[in-house]
2 protein chains.
Amino acid sequence: MPLPWKDSSTKLKHLPGIGQKTAQRLAFHLLRATPEEALSLAEAIRDAKEKIRTCTVCYNITDTDPCLYCVGPTRNKRTICVVEEAHNIMAIEKTRAYSGMYHVLGGSLSPLQGRGPEQLHIKSLIERLKGGTVEEIIIATNPNAEGEATAIYLSKLLKPLGVRVTRIGVGIPVGADLEYADEVTMLKAMEGRREL
Amino acid sequence: MPLPWKDSSTKLKHLPGIGQKTAQRLAFHLLRATPEEALSLAEAIRDAKEKIRTCTVCYNITDTDPCLYCVGPTRNKRTICVVEEAHNIMAIEKTRAYSGMYHVLGGSLSPLQGRGPEQLHIKSLIERLKGGTVEEIIIATNPNAEGEATAIYLSKLLKPLGVRVTRIGVGIPVGADLEYADEVTMLKAMEGRREL
């Protein structure tokens with residue numbers, strides 16, 4: 001006899017962080033729920049896939065094209081912050097200290113994983129500089145080996161175009177203790193010291 | 001009947017991170033050990049208390065006065081790195097990137113805990129600047145509220161004396177992901193961005 005909950009349970013299992021048991025628990029919850037509740041979830045998923053696309057200007061995830069950051073009247077068009085993934089934008093927006101534009105690379109340079117400059121949205125970034133409005137590019141790739149390599153590659157590519165290229169600060173996190181800082185971070189914190 | 005291991009066990013219990021059971025296990029280990037082994041530990045502890053003192057120049061923990069960093073012929077006498085505690089020096093020495101002098105404050109400014117400027121080794125730091133050799137003071141207090149307050153206090157005090165005052169870099173630690181950075185650290189990383 002075919003089990004009615006088997007198919008939805010199998011599909012739910014593919015979600016990240018959801019295993020066999022959780023998937024089964026979720027499937028049974030949906031079976032117990034009213035048809036409206038279950039269908040509204042199904043529709044929300046379908047809507048998300050239909051409406052959400054990537055912004056053709058900055059490659060952010062958006063439901064309007066260009067995205068809100070690209071057309072926002074209060075956004076500063078003279079600065080572009082370059083990030084690896086769209087979700088990094090959220091981390092920067094939370095600070096409420098940045099009001100410029102963004103550009104999502106779609107990853108970092110990684111020869112081992114076959115990701116070269118052609119696989120990243122670099123050409124479109126250079127296109128965006130042609131208007132002459134952009135004065136500063138802030139490279140906010142992750143401070144690991146691949147993110148640093150990407151930052152150096154981009155700075156060599158962009159500086160000759162007459163734009164200021166900066167890198168986010170690497171160092172001891174706020175609230176941390178020097179005692180627990182690893183050696184490389186401590187080294188970067190000493191190198192990156194600033195005038196007070 | 002008095003227990004022969006009771007007294008050493010009680011004393012061992014006062015060490016940090018050592019509770020009732022571990023203290024008892026250590027006491028029994030010492031009882032089983034040869035008299036030479038047990039006595040060598042006792043002597044090492046006595047020696048440490050007799051020989052180790054604080055350096056009269058920089059307040060580092062040392063067995064020679066002035067300490068090795070203060071008299072080392074290869075150390076750069078033009079830079080002083082100011083830290084809260086003596087063990088912070090070890091974190092900086094591990095980077096092998098700094099070869100200047102140190103100054104241990106003995107804590108940070110904390111009005112709530114009754115630690116004002118008089119309780120810290122600040123007067124002696126100003127004394128050290130009088131020779132005119134020192135060109136830069138790197139303030140490496142912890143990047144928390146009290147450490148930052150101490151850094152600002154020191155910079156206001158030292159800058160009028162004609163010395164360059166810098167602060168270690170605060171930001172995303174090396175190898176970390178932007179996604180896991182807290183908002184304040186992300187803010188500091190954006191503020192503290194550097195020209196590439």
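Quick note on labels: first sequence line is chain A, next is B, and so on, each numbered from 1.
Listed in order of number, the residues of residues 97-104 of chain B that approach chain A to under 4.5 Å between heavy atoms are B:A97, B:Y98. Using a 4.5 Å cut-off between non-hydrogen atoms, the part of residues 124-139 of chain A that approaches chain B consists of A:E136, A:I138, A:I139. Near-neighbour residues of residues 33-43 of chain A relative to chain B, defined by a heavy atom under 4.5 Å from a heavy atom of that chain, are none.
B:L105 and B:V163 fall within the same hydrophobic cluster, defined by Ile, Leu, Val, Met, Phe, Trp and Tyr side-chain heavy atoms under 4.5 Å apart, directly or through other members.
In B:Q119, the CD atom is crowded: over 12 heavy atoms of neighbouring residues, nucleotides or ligands sit closer than 6.0 Å. The local environment of NZ in A:K156 is sparse, with at most 12 non-hydrogen atoms from other residues, nucleotides or ligands closer than 6.0 Å.
One N or O on the side chain of A:N144 and one on the backbone of A:G147 form a donor-acceptor pair closer than 3.5 Å. With B:R115 contributing its side chain and B:S108 its backbone, the two residues share a donor-acceptor pair below 3.5 Å. When atom types are taken as modelled, the side chain of B:N60 and the backbone of B:T54 share no donor-acceptor pair closer than 3.5 angstrom.
The residue among A:V184, A:T141, A:T95, A:T166 with the most heavy atom pairs within less than 4.5 Å of chain B is A:T166. Of the listed residues (A:E146, A:K94, A:E191), the greatest number of heavy-atom pairs within a distance under 4.5 Å of chain B belongs to A:K94. For chain B, the option among A:A189, A:S155, A:G171 with the highest count of heavy-atom pairs below 4.5 Å is A:G171. Put simply, of B:R194, B:E179, B:M190, the one with the most heavy-atom pairs under 4.5 Å next to chain A is B:R194. With chain A as partner, the option from B:V174, B:L158, B:I168 having the largest number of non-hydrogen pairs under 4.5 angstrom is B:V174. Heavy-atom pairs under 4.5 Å with chain A peak, among B:L178, B:L187, B:I92, B:D182, at B:L178.
A heavy-atom distance below 4.5 Å is found between the side chains of B:E148 and B:R167.
Looking at B:A145, neither its backbone nor its side chain comes within 4.5 Å of chain A, counting heavy atoms on both sides. For B:A176, the part sitting under 4.5 Å from any heavy atom of chain A is the backbone (N, CA, C, O) and nothing else. Only the side chain of B:K188 comes within contact range of chain A, with at least one heavy atom under 4.5 Å from a heavy atom of that chain. If you measure heavy-atom distances from A:K159 to chain B, the contacts under 4.5 Å come from the side chain alone.
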Please output the side-chain donor-acceptor pairs of residues 83-91 of chain A that fall under 3.5 Å, not counting sequence neighbours, one pair per line with the distance.
| unit_1 | atom_1 | unit_2 | atom_2 | d |
| --- | --- | --- | --- | --- |
| A:E84 | OE1 | A:N142 | ND2 | 3.4 |
| A:E84 | OE2 | A:N142 | N | 3.0 |
| A:N88 | OD1 | A:E85 | N | 3.1 |

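Remark: B:R75 engages B:E93 in a salt bridge, criterion side-chain N to carboxylate O under 4.0 Å.
Atom SG of A:C55 and atom CG of A:D63 lie 11.0 Å apart (nearest 0.5 Å). In this structure, CZ on B:R53 lies 8.5 Å from OG1 on B:T64, to the nearest 0.5 angstrom.
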